[in-house]
Asker: 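Sharing a structure here in structure tokens format.
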Amino acid sequence: MENVLYDLLCDLYSIFREIGAFLWLVWPFMFVFGLGSIVWYAHPQPEESEADSERRRSRFIAAEIAAGFALLMMFCVVESNI
């Protein structure tokens with residue numbers, strides 16, 4: 001079981017490394033804009049309706065996922081070049 005999990009993690013690492021190397025110009029901007037969106041959507045706006053609140057929360061989660069994915073690609077690309 002441990003070898004299967006290790007092989008799966010190695011495969012995921014190589015996939016993220018290849019995606020990050022191919023999209024080397026995209027992931028830094030995705031990380032920066034993801035963090036900016038997290039800060040922007042973190043705070044509710046005054047007089048926000050319930051529909052706007054749900055939309056803001058879903059955009060906040062999408063920004064967190066984008067920033068996390070970009071950070072993961074950045075780690076895999078940089079670590080493989082060391």
Side-chain angles (χ1 to χ4, degrees):
M1 182 65 179
E2 291 177 14
N3 289 335
V4 173
L5 184 60
Y6 179 75
D7 290 340
L8 177 66
L9 289 176
C10 287
D11 291 341
L12 286 174
Y13 172 78
S14 64
I15 289 170
F16 283 125
R17 185 182 64 214
E18 294 301 319
I19 291 172
F22 182 69
L23 300 173
W24 64 273
L25 188 60
V26 174
W27 56 260
F29 289 108
M30 191 167 67
F31 180 69
V32 170
F33 289 126
L35 287 181
S37 297
I38 289 171
V39 170
W40 178 260
Y41 292 122
H43 305 290
Q45 304 299 319
E47 300 177 8
E48 185 176 56
S49 68
E50 187 63 33
D52 291 337
S53 177
E54 286 298 319
R55 191 176 310 117
R56 181 184 51 81
R57 284 187 208 123
S58 67
R59 289 180 180 171
F60 177 78
I61 291 170
E64 283 183 324
I65 291 170
F69 186 69
L71 188 64
L72 185 62
M73 282 192 300
M74 182 170 41
F75 170 74
C76 292
V77 169
V78 170
E79 193 276 329
S80 67
N81 291 330
I82 293 178

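Just the heavy atoms: all of them, side chains too, but no hydrogens, waters or symmetry mates, feed the values below.
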Asker: Using 0.5 Å steps for rounding, measure from the CD1 atom of I38 to the CD1 atom of I61.
Answerer: 11.0 Å
Asker: Can you tell me how far apart CD1 (I19) and OG (S14) are? Round to the nearest 0.5 Å.
Answerer: 9.5 Å
Asker: Could you measure the distance from the CG atom of L25 to the CE atom of M30? Nearest 0.5 Å is fine.
Answerer: 12.0 Å
Asker: Looking at CZ of R55 and OH of Y41, how far apart are the two atoms once the value is rounded to the nearest 0.5 Å?
Answerer: 10.0 Å
Asker: Mind checking whether F60 and E64 have side chains closer than 4.5 Å, heavy atoms only?
Answerer: yes
Asker: Give the cluster check for V32 versus V39: same hydrophobic cluster or not, with ILVMFWY residues linked at side-chain heavy-atom distances below 4.5 Å.
Answerer: no
Asker: Taking atom CZ of R17 and atom SG of C10, what is their separation to the nearest 0.5 Å?
Answerer: 9.5 Å
Asker: Side-chain contact test, heavy atoms from C-beta onward, threshold under 4.5 Å: evaluate it for P44 versus R56 and give yes or no.
Answerer: yes
Asker: If you look at every heavy atom in A63 and G34, which pair is closest and at what distance?
Answerer: CB-O, 3.7 Å
Asker: Roughly how far apart are L72 CG and Y13 OH, rounded to 0.5 Å?
Answerer: 10.0 Å
